[in-house]
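First the structure, in the form of structure tokens, and then the observations on it.
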Amino acid sequence: MAKPLDARTTQAESRWRSKWSETGIYRYDPRRGRDETFVVDTPPPTVSGSLHVGSVCSYTHTDLMVRYQRMRGQNIFYPMGWDDNGLPTERRVQNVFNVRCDPSAPYDPELRLEFGRGEDLVLVSRRNFIELCDEVVAEDEKKFKDIFQRVGLSVDWNQNYATIDERCRYVSQFSFIELIKAGHAELRDAPTMWDVDFQSAIAQAEVEDRVRDGHLWRVRFAVEGGGEVHIATTRPELLPACVAVTAHPQDDRYAQLVGKNAITPLFAAPVPIIADEEADPKKGTGVLMTCTFGDAADVEQWRSLDVPAREVIGRDGRIKNAPWGEVPWVSKDPHAARGVHDKLAGLTVAQARRAIVDMLGEAGCLVGSPEPVTRPVKFYERGERPLEFVVSRQWFVNLLDKKDALIEQGRKIQWHPESMRRRYEDWVLGLNQDWSVSRQRYFGVAIPVWYEVRSDGSVNYDSLILPERSDLPVDPSAEAPHGYDEAQRGRPGGFVGDPDILDTWATSSLSPLILTGWPDDPRRTAALYPADMRPQAHEIIRTWTFYTIARSLLMDGSIPWYHAAISGFVVDPNRKKMSKSKGNVVLPTDVLDEHGSDAVRYWAASSRLGVDTAIDESVYKEGRRLTTKLRNAARLVHGFEGVSGDATNALDLAFVARTRASVERVTAAWESWDHARALELSESWFWADLCDNYLELSKARAYAGDPSALGTLRKAIDVALRLFAPVLPFVTEDLYNEERDAFISVHRAAWPLPAEMEGAGSADPFDVAVQVLAEVRKAKSAAQVSVRWPVTTMQVRGPEAFLSPLRTVMSDVESTLNAGASELVIDESRDRCDVVATLGQSDPS
RNA sequence: GGGCGGUUGGCUCAGCCUGGUUAGAGCGCUGCCUUCACACGGCAGAGGUCACUGGUUCGAAUCCAGUACCGCCCACCA
């Protein structure tokens with residue numbers, strides 16, 4: 001059981017937090033140029049519920065690099081954003097206030113609602129709804145900010161945005177209008193993936209496969225002119241939507257049928273039998289039906305075959321009432337077809353499936369019994385019912401024709417770890433749809449478009465009315481375009497506003513631009529864009545990474561950042577993903593309370609980018625151990641009295657050389673974005689070289705006030721504090737300022753560089769001294785005596801190459817070991833040394 | 001089905017790119033050592049056929065090929 005966090009640590013952490021905030025040491029300086037500025041495109045966390053401990057880990061990873069860069073003299077632009085637009089917020093607001101948005105309701109400026117559910121459901125205008133959303137997210141933002149500050153993120157809190165705020169709406173709408181003008185975004189009336197519960201279009205990136213049990217039915221189709229063909233399907237309810245039947249061109253079983261018509265059972269619709277490479281002879285019966293629309297393949301075939309669409313599933317996920325009646329010509333027996341359809345109309349997909357299977361069975365059109373199958377089914381990632389393809393009017397951003405360019409952009413970016421680039425490329429290569437950006441929701445950035453209404457009252461979707469830049473952000477459902485007044489809304493000769501909002505990623509994908517003054521302040525933009533670093537989790541490579549790269553490409557062909565730092569997941573100690581249902585969620589506030597900020601940061605810093613990390617109590621303990629060790633080492637050195645001088649003693653010089661080599665390696669690790677390696681190297685230098693060995697070896701001289709030892713020790717502590725400052729910002733700041741009258745932040749101090757340790761020569765004397773030390777310690781341990789136990793005589797036998805450096809530091813070795821006379825014997829026959837120590841007979845005390 | 005990552009002492013991980021003396025660290029474990037920075041410490045120790053198979057090489061944890069298992073990402077679902 002770990003000892004509770006001592007009050008000193010907690011108080012120091014909170015004191016330094018306040019001090020940093022008061023003194024503004026993390027503030028961005030807009031006067032400095034791009035080449036000396038390090039820009040972070042911080043992920044705006046979704047502010048709903050509580051912050052995940054995994055977020056604490058990955059945000060800390062960012063802060064580690066930021067603090068390193070700051071100490072390297074970089075001007076840091078490290079903002080914070082909040083992602084508050086979109087569905088999660090809407091759902092929370094609906095629950096918290098018991099309201100629903102009614103876009104047709106007028107705005108009520110006096111509306112005041114209490115937190116907690118009211119008795120009756122209240123319908124509010126879109127603007128009121130958005131205001132309520134603002135209210136709710138403000139609460140969450142406070143909680144998130146508190147945790148981020150506790151963990152010591154060196155964010156410049158003056159650089160802040162929320163994806164629903166005016167600035168973001170402005171940037172998002174402006175950029176979208178630019179996409180329209182450039183022909184990258186267009187309105188299409190086309191089959192789109194649709195969530196029947198959320199009543200909204202969904203983009204490919206928001207879709208996930210879930211494995212579901214189902215059945216494979218074999219259905220008998222008659223062939224015009226005689227014969228029959230069996231098709232296999234898991235979705236018989238789409239039979240009325242069947243527009244073609246396909247078989248593979250090399251499939252001999254069906255070759256003679258191609259070109260003829262099949263007749264669908266129950267509906268008696270003639271549909272062409274077509275040879276198609278996509279039909280796999282090994283699956284099902286080798287023959288499948290193309291329906292409008294069961295899946296993306298259907299959409300593709302429907303396009304390429306140029307057959308009519310027969311949409312049977314409505315936006316509510318139920319079988320439509322009318323379509324069959326609207327196109328009676330497709331059936332050879334319209335009356336019977338209508339009779340069948342009437343039984344299906346209004347049923348959900350699942351109900352219709354059962355009903356149609358029953359009817360097919362009665363009609364003798366099922367072959368054999370259904371075969372149970374499990375197959376992946378597409379769901380909206382937040383949805384509960386399978387997605388359907390429905391025809392609707394949506395805005396799309398064209399990306400399918402830009403795969404090559406998107407991959408090319410990805411290659412200009414450095415990925416950490418490198419393997420994540422492949423994930424991005426795989427996603428790009430697997431794209432099969434353009435980006436559907438309109439969402440039939442309320443809390444988000446409105447699509448900034450109106451459409452003209454013709455004199456006959458119909459909407460002319462080809463005739464867009466775009467807002468002026470000076471009017472942005474706009475809400476087309478509440479504001480009239482220039483040259484019109486509100487009375488003309490929906491009237492012949494008037495206008496209608498696009499009722500939809502943009503996909504949340506349409507705004508998030510502009511995150512590297514949002515705070516850069518784009519597009520109105522080109523000087524600021526040039527100083528902040530592209531960003532240096534995009535930190536994020538790997539799960540959103542398909543969304544945030546991808547869309548951001550795409551937006552920059554479409555904007556001006558730029559890349560959004562130079563480095564993408566991808567963090568892994570944090571999993572529970574059993575390597576399982578944390579989830580509320582499993583009850584294995586670890587709250588950031590709990591670990592911070594229990595172990596302290598520095599220890600939690602130490603844990604985060606121990607994990608490498610891209611690697612999944614398990615919650616591990618022992619690592620927090622290790623972090624606390626390190627902070628304690630730092631305090632104690634600093635206390636010892638700060639307690640020595642005497643004047644510091646230059647290092648002149650042989651051991652001191654050798655230790656400086658050893659330190660210089662370590663600093664070089666630590667710095668190289670930071671430069672290669674490997675904070676875990678940097679920490680490991682810093683630690684082994686500090687713990688072994690400095691504390692276990694050099695401190696012991698120089699202690700006697702330090703107590704005696706030797707200026708060389710004192711100068712070297714003080715320098716070593718100073719280096720240690722700076723080396724650990726990125727990882728342990730609190731304890732290092734505390735110790736750095738322990739001896740100072742006026743506050744100077746270690747986080748503004750210069751990173752230790754080898755240049756500070758020039759002229760130290762070789763580290764050999766230190767290394768050989770350590771070897772002799774280890775030998776004698778071993779002997780004392782074997783004899784079960786204390787480290788201070790006296791050594792009466794000591795003989796070191798070895799080659800001159802070893803003894804020569806040892807000779808220069810022998811007095812320190814002797815005093816550390818409490819040894820009397822010692823003898824060095826040259827023996828070139830061995831490549832190492834032997835140490836023979838005779839221990840004293842009695843306790844020194 | 002495709003792609004990526006992993007498999008090293010009881011646990012968590014490093015080392016692998018650039019093959020070469022007894023494979024490292026922390027935790028845990030064992031023994032010893034406490035007035036002189038630190039017992040949230042120090043010293044010493046036990047514990048590993050580096051997943052498996054084959055290959056390259058004088059030499060393989062490290063390079064190559066394949067297999068198994070674990071995890072993640074993706075996939076037009078008949």
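In this text, all values refer to a predicted model and were calculated from it rather than measured experimentally. Reckoned from all heavy atoms, side chains included, excluding hydrogens, waters and symmetry mates. Protein chains get the first letters and strands the later ones, always in sequence-line order, with residue 1 at the start of each.
Under 4.0 Å is where a charged nitrogen must lie from a carboxylate oxygen, and between A:R218 and A:E371 at least one such pair does. The residues A:R631 and A:D734 are annotated as salt-bridged, a charged nitrogen and a carboxylate oxygen being separated by less than 4.0 angstrom.
Across all strands shown, A:A676 has no heavy atoms under 4.0 Å from either base or sugar-phosphate atoms. Nucleic acid contact for A:G568: none, since no nucleic acid atom lies under 4.0 Å from a heavy atom of the residue. Residue contacts for A:R542: at a heavy-atom cut-off of 4.0 Å it reaches the sugar-phosphate backbone alone, with no base atom in range. Contacts of A:K780 with the nucleic acid, taken as non-hydrogen atoms under 4.0 Å apart, are absent.
Checked against a 6.0 Å centroid threshold, the rings of A:Y602 and A:Y620 do not count as neighbours. Taking the six-membered ring for Trp and the full ring otherwise, A:F389 and A:W194 have centroids separated by 6.0 Å or more.
Side chain of A:R677, nearest nucleotide from B:rC27, B:rC43, B:rA14: B:rA14. Of the candidates B:rC38, B:rG42, B:rC27, B:rC38 carries the atom nearest the A:N632 side chain, counting heavy atoms from C-beta on. If you check B:rC76, B:rG31, B:rG28 against the side chain of A:Q784, the one that comes closest is B:rG31. In this structure, the nucleotide among B:rA75, B:rA14, B:rC36 sitting nearest to the side chain of A:E680 is B:rA14. In the set B:rC72, B:rG26, B:rC36, B:rG26 carries the atom at the smallest distance from any side-chain atom of A:R625.
Looking at A:K629, its side chain comes within 3.5 Å of the base of B:rC38 through a donor and an acceptor atom. Remark: the A:T628 side chain and the B:rC40 base include a donor-acceptor N/O pair separated by less than 3.5 Å.
Under the 3.5 Å distance criterion, with hydrogens and angles disregarded, a donor-acceptor pair is assigned to the side chains of A:S567 and A:H61.
A:N693 has its CG atom 8 Å from the P atom of B:rC43, to the nearest Å. With rounding to whole Å, A:L681 atom CG is found 11 Å from B:rG15 atom P.
Aromatic ring pairs are classed by plane angle as parallel below 30°, tilted from 30° to 60° and perpendicular above 60°; the pair A:F569 and A:H538 is perpendicular. Ring planes of A:H675 and A:W670: tilted class, angle from 30 to 60°. Using a 30° and 60° split on the angle between ring planes, A:Y424 and A:F546 fall in the tilted class, from 30° to 60°.
Contacts of A:F293 classified as ring-ring contact (aromatic ring centres under 6.0 Å, His included), with partners at least two apart in sequence or in another chain: A:W302.
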How does RNA chain B look in dot-bracket form if you count Watson-Crick and G-U pairs under 3.5 Å, write [ ] for pairs that cross, and put | where a base pairs with another strand? ((((((((.[[[[.)....(...]]]].(((((.......))))).....[[[[[..)....]]]]])))))))....
For a quick check, with a 4.0 angstrom heavy-atom cut-off, what is the B/S/- contact string for nucleotides 4-13 of chain B, read 5' to 3'? S-------SS
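Of the C1' atoms belonging to B:rC29 and B:rG47, the separation is 9 Å, rounded to the nearest Å. Rounded to whole Å, the separation between the C1' atoms of B:rC40 and B:rU57 comes to 49 Å.
Each of A:K778 and A:D209 lies near RNA chain B, and the nucleotide nearest A:K778 is the one positioned closer to the 5' end.
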